[in-house]
Q: 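Please read through the structure below; I'll follow up with questions.
Just so we're clear, the structure is a prediction, and the values are computed from it rather than from any experiment. One-based numbering along the sequence shown. Ligands are counted one by one from 1 in listed order, and the atoms in each one are counted from 1 as well.
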Amino acid sequence: MAKIVAGIATSHVPAVGHAVDSGKTQDAYWKPMFDGYEFSKQWAKDNPADVAIIVYNDHASYFGMEIMPTFAIGIADSYAICDEGYGPRPVPVVEGAPELATHLAASLITDDFDMTVLNVLEVDHGLTVPMSLMYGTPDKWPTKVIPLPVNVVMNPQPSGERCLALGKAIRRAVEQFDGDLKVEVWGTGGMSHQIQGARAGLINLPWDIQFMDDLINQPEVLQYKPHLEYMIEAGSEGVELIMWLIMRGALGDKVNEVYRFNHVPASNTSVGHLILTPKED
Ligand code: DHB
Ligand code: FE
């Protein structure tokens, strides 16, 4: 049986990718933030997973106004890196996990989650920056990946309730897979940030910390938080945080907090990061 062994949450600020790619992680501006991921890089080495289901959003890099799936899942063998305007990031190709992904797609759709199935996908900073933060700069990524893009950039966006429920369905689906795999679920994006308009630069650290506490202890309450509250309290891009609910739903009722980190700011964003494991009781 495949098993969900951990959940990772992290912001995915694109400038972090640039700092990694241009060797600036030890510069005065960036060092305190990257230092906060040193524990996580070691933890990832000590607790290797076979597959990471990475819940992220495409920033109109591969999808666009023409087509924007609400929930999608990649079932391909591999995923190329998207050119977001400055050429693709110089990171390894992302290797897929087509057998588990195909099982997940079938299981989720049978479970009434009408996923868009992607045989081709190029991944943007939403997926590659979290990988750089957790794994550094290897020649080959240590984990196979199932990308799970969620629309958080165009109205209408899925509800928090639906996201938490999708996470629970992912858990059921993984546990039904006949294969001895260690699976992680990652929720990326957030925390508070607004990158455009009159309130550009908005950060609300107390709200972010409360969100983390609630995500750990009472995600069922968090699922009813309206999108408008994310926008008012956490800025227009803060709504990326609904993707963390998918990760949390996949971990079961109770979790252990293995690691927590906050840093303000990185670019325009309040950086938040969690490593959680399911609490077996
Ligand atoms: C920033 C953060 C994001 O999550 C993003 O997708 C784009 C920009 C930023 O802080 O600059
Ligand atoms: Fe983003």
Q: Going by the atom numbers of ligand 1, which of them fall below 4.0 Å from some non-hydrogen atom of Ser267?
A: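 So the answer, numbered in order with elements, is 9 (C), 10 (O), 11 (O).
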Q: How far is atom 2 (C) of ligand 1 from the closest protein heavy atom, and which atom is that?
A: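 Atom 2 (C) of ligand 1 sits closest to the protein heavy atom Thr269 OG1, 3.3 Å.
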Q: Does Gln223 reach the main-chain N or O of Glu220 with its side chain, forming a donor-acceptor pair under 3.5 Å?
A: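 Between the backbone of Glu220 and the side chain of Gln223 there is a qualifying donor-acceptor contact (under 3.5 Å).
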Q: Ring-plane angle category for Trp207 and Phe211, please: parallel below 30°, perpendicular beyond 60°, tilted otherwise.
A: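 Correct class here is parallel.
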Q: May I ask you to check whether Glu84 and His125 show a side-chain donor-acceptor distance below 3.5 Å?
A: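 The criterion, which ignores hydrogens and geometry beyond distance, is satisfied for His125 and Glu84.
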Q: Please list, in chain and residue-number order, the protein N/O/S atoms closer than 2.8 Å to the Fe ion (ligand 2).
A: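 You should have found His12 NE2, His59 NE2, Glu240 OE2.
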Q: Tell me the contacting part of His193 for ligand 1: side chain, backbone, both, or neither, using a 4.0 Å heavy-atom threshold, strictly below.
A: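 The part of His193 near ligand 1 is the side chain, not the backbone.
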Q: Could you tell me the residue and atom name of the protein heavy atom closest to atom 6 (O) of ligand 1, and the distance to it rounded to 0.1 Å?
A: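 For atom 6 (O) of ligand 1, the nearest protein heavy atom is His59 NE2, 2.7 Å.
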Q: Using only atom types and a distance under 3.5 Å, with no angle test, would you say the side chain of Trp186 pairs donor to acceptor with the backbone of Tyr56?
A: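 Answer holds: no.
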Q: Between the main-chain N or O of Asp253 and the side-chain N or O of Arg248, is there a donor-acceptor pair closer than 3.5 Å?
A: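 The answer is yes, because a donor-acceptor pair under 3.5 Å joins these two groups.
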Q: Scan side-chain atoms only and decide if Glu240 and His59 contain a donor-acceptor pair under the 3.5 Å cut-off.
A: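 Looking only at side-chain atoms, His59 and Glu240 do form a donor-acceptor pair, the distance falling under 3.5 Å.
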Q: Can you list the atoms of ligand 1 that are under 4.0 Å from a heavy atom of His12?
A: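 In order of number, 4 (O), 6 (O).
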Q: Can you tell me if Asn151 uses its side chain to pair, donor with acceptor, with the backbone of Met154 under 3.5 Å?
A: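 Indeed, once roles are kept as given, a pair shorter than 3.5 Å links the two residues.
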Q: Could you tell me how the ring of Tyr37 sits relative to the ring of His273: parallel (under 30°), tilted (30 to 60°) or perpendicular (over 60°)?
A: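 Parallel: the ring planes of Tyr37 and His273 meet at under 30°.
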Q: So which bit of Ile195 gets within less than 4.0 Å of ligand 1, heavy atoms only: side chain, backbone, both or neither?
A: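 Only the side chain of Ile195 comes within reach of ligand 1.
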Q: Keeping the roles fixed (side chain from Thr143, backbone from Val51), state whether a donor-acceptor pair exists under 3.5 Å.
A: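 No; judged by distance alone, with no hydrogens or angles, the pair does not exist.
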Q: Measure the distance from atom 1 (C) of ligand 1 to every protein heavy atom, then report the residue, atom name and distance (to 0.1 Å) of the closest one.
A: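 The protein heavy atom lying closest is Pro14 CD, 3.5 Å.
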